[in-house]
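Taking it in order: structure first as structure tokens, then the write-up.
Not measured: the values here are computed from a predicted model.
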Amino acid sequence: MAITSSTSDRVTVLTIDRPERRNALGHEALDELDAALEAALVDSRALVVTGAGGHFCAGADLTELEDVGFTDRLAEVLTRLSRAPITTVAAISGSCMGLGMQLAVACDLRVVSDDAAFALPVAKLGLMVNHWTLERTTRCWGEGAARHMVLTGAVLTADDAWRLGFTQVRGGLDEALELARRAVALAPLTQAGSKLGFDAHGGDSAGVARYEAAFATAWSSDDLTEGRSAFRERRAPEFQGS
């Protein structure tokens with residue numbers, strides 16, 4: 001198994017476990033990741049994606065990357081991850097290159113260890129990533145850093161990630177789990193609806209409409225009633241997502 005999954009307190013941790021390839025993903029591993037992600041979304045309220053053996057993900061396994069069909073499958077997995085209605089956290093150490101960067105920017109939040117290194121080295125291989133990746137990388141890193149990595153093959157550091165706002169917390173898996181557990185206690189309709197809003201930008205009228213529908217749902221929800229009651233009663237709310 002290239003992907004392991006464990007769940008505790010409604011937080012699921014998906015671990016890429018191919019240390020012999022620095023957790024690079026091929027076709028089979030990508031399918032495993034997609035299946036594990038789909039299963040995690042059934043009951044979990046937060047998700048952490050990480051890698052085993054000191055690396056997050058060194059990219060696509062180039063021994064298997066033969067045609068554009070792999071990128072089409074990857075786009076499906078990235079879409080599922082980025083549209084997950086729960087809070088997602090990437091716990092990043094070591095190599096976060098290529099496909100690893102795509103997984104990282106698909107998550108909502110990123111926790112980065114001091115030894116992490118980031119790159120989108122497509123120009124070294126004659127490849128291109130899809131437009132979603134360029135757009136998401138630009139939003140997470142800023143346009144200057146995104147162009148730096150894509151056009152010159154630059155490798156950025158954990159200090160760069162912190163300075164440029166790519167990471168929200170410095171640390172490892174423990175810190176990522178702490179962040180995920182904080183999200184579990186909060187209102188799920190608010191989180192899911194807010195994610196729709198963050199992803200609706202530019203001329204995305206359909207995305208804005210989805211956000212407005214989620215906005216109306218949240219304002220008429222039992223969770224809003226519970227949140228107000230908990231505030232008045234000075235207690236922790238117990239949200240049900242309804």
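- Under the 4.5 Å side-chain criterion, counting only non-hydrogen atoms from C-beta, His148 is in contact with Leu156.
- Counting non-hydrogen atoms of neighbouring residues, nucleotides and ligands closer than 6.0 angstrom, the CZ atom of Arg83 reaches no more than 12 such neighbours.
- Between Thr79 and Ser82 the shortest heavy-atom distance is O-OG, 3.2 Å.
- In this structure, Ala46 and Val184 approach most closely via the heavy-atom pair CB-CG2, 3.8 Å.
- The neighbour count for Asp9 CG, taken as heavy atoms of other residues, nucleotides or ligands under 6.0 Å away, does not exceed 12.
- In this structure, Gln191 contributes its side chain and Ala183 its backbone to a donor-acceptor pair below 3.5 Å.
- Leu224 has its side chain within reach of Trp219: a pair of non-hydrogen atoms, C-beta onward, lies under 4.5 Å apart.
- When all heavy atoms of Trp132 and Ala106 are compared, the pair lying nearest together is CH2-CB, 3.6 Å.
- In this structure, CZ in Arg147 is found 13.5 Å from CG in Leu120, a value given to the nearest 0.5 Å.
- Among all heavy-atom pairs drawn from Gly172 and Val111, the shortest one is O-CG1, 3.6 Å.
- Under the 30°/60° scheme for interplanar angles, the aromatic rings of Phe166 and Trp141 are found to lie parallel.
- Comment: Glu76 engages Arg73 in a salt bridge, judged by a side-chain N to carboxylate O separation of less than 4.0 angstrom.
- No side-chain heavy atom of Arg45 sits under 4.5 Å from any side-chain heavy atom of Leu186.
- Annotation: side chain of Leu14 is in contact with side chain of Leu33 (closest heavy-atom distance under 4.5 Å).
- In this structure, the side chain of Glu28 does not engage the main chain of Leu25 through any donor-acceptor pair within 3.5 Å.
- In this structure a side-chain-to-backbone donor-acceptor pair under 3.5 Å is present from Thr50 to Ala91.
- In this structure, a donor-acceptor pair under 3.5 Å is absent between the side chains of Thr225 and Asp222.
- Contacts classified as side chain to side chain donor-acceptor pair (under 3.5 Å) and involving residues 102-119 (residues at least two apart or in different chains) are given here: Thr88-Asp108, Gln102-Thr133, Asp108-Lys195, Ser113-Asp115, Asp114-Arg170.
- No more than 12 heavy atoms of other residues, nucleotides or ligands shown are found within 6.0 angstrom of CZ on Arg182.
- Taking the side chain as every heavy atom from C-beta outward, Phe70 and Leu30 approach each other to under 4.5 Å.
- Of all the heavy atoms in Gln240 and Pro188, the pair that sits closest is C-CG, 4.4 Å.
- Looking at every heavy atom in both residues, Pro121 comes nearest to Gly98 through CD-N, 3.9 Å.
- The closest side-chain heavy-atom distance from Arg235 to Ser229 is below 4.5 Å.
- The shortest side-chain heavy-atom distance between Met149 and Met101 falls under the 4.5 Å cut-off.
- For Arg136, the side chain to side chain donor-acceptor pair (under 3.5 Å) criterion is met by Asp199, not counting sequence neighbours.
- A heavy-atom distance below 4.5 Å is found between the side chains of Thr138 and Glu143.
- With hydrogens and angles disregarded, a donor-acceptor distance shorter than 3.5 Å links the side chain of Asn23 to the backbone of His55.
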